[in-house]
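See structure below.
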Amino acid sequence: MTALALAVALAAGYLLGRWRPWQRLGTWAADQVRFTGAWARGGRGRQAAVVLAHILTAPRTSRRIMRTPATDGPPPVPVRDPDWAADRTNSPSEQKGTP
């Protein structure tokens, strides 16, 4: 009986090591926190579960995120340069100096 229990425990440990549920949970939580699409609309219970999972699986990253001040707004929008001109008259093989 002891050998059977040992074999079952060994097999369960091997399968959990291959499946890596802790790492998968951490990756899922990091994706949910990083890409704030559906999790922000999921309600307070879902937000609490996501943040708790992220804190449990990546405590250093969570601490760094909480200590970082929030940004003031979206990044600046790129401005079109009116002096920029693309030379699309010739293909690269037809340019001067190439055989």
Side-chain angles (χ1 to χ4, degrees):
M1 188 66 166
T2 305
L4 179 64
L6 183 62
V8 168
L10 184 64
Y14 174 76
L15 290 175
L16 283 175
R18 296 290 294 166
W19 187 48
R20 297 183 181 127
W22 193 255
Q23 185 178 12
R24 288 177 185 247
L25 177 65
T27 303
W28 174 82
D31 287 344
Q32 296 297 312
V33 170
R34 185 176 300 122
F35 307 114
T36 57
W39 87 276
R41 295 187 302 265
R44 291 184 183 183
R46 178 168 160 74
Q47 289 176 1
V50 167
V51 170
L52 181 64
H54 193 267
I55 288 172
L56 290 176
T57 57
R60 290 185 206 156
T61 304
S62 298
R63 186 173 169 205
R64 181 178 48 87
I65 289 171
M66 286 187 269
R67 287 184 166 202
T68 304
T71 57
D72 291 335
V77 177
V79 179
R80 182 179 174 275
D81 184 8
D83 296 328
W84 182 82
D87 182 16
R88 297 189 179 123
T89 56
N90 296 328
S91 66
S93 62
E94 296 174 355
Q95 290 179 353
K96 298 176 187 175
T98 57

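Predicted, not measured: the structure shown is a model, and the values here were computed from it.
We find the CG-OG1 distance between Leu6 and Thr2 to be 8.5 Å, quoted to the nearest 0.5 Å.
With sequence neighbours left out, the side chain to side chain contact (heavy atoms under 4.5 Å, CB included) criterion links Ile55 to Val51, Ser62, Met66.
Minimum interatomic distance between Val50 and Ala29 (heavy atoms only, all atoms of both residues): O-CB, 4.0 Å.
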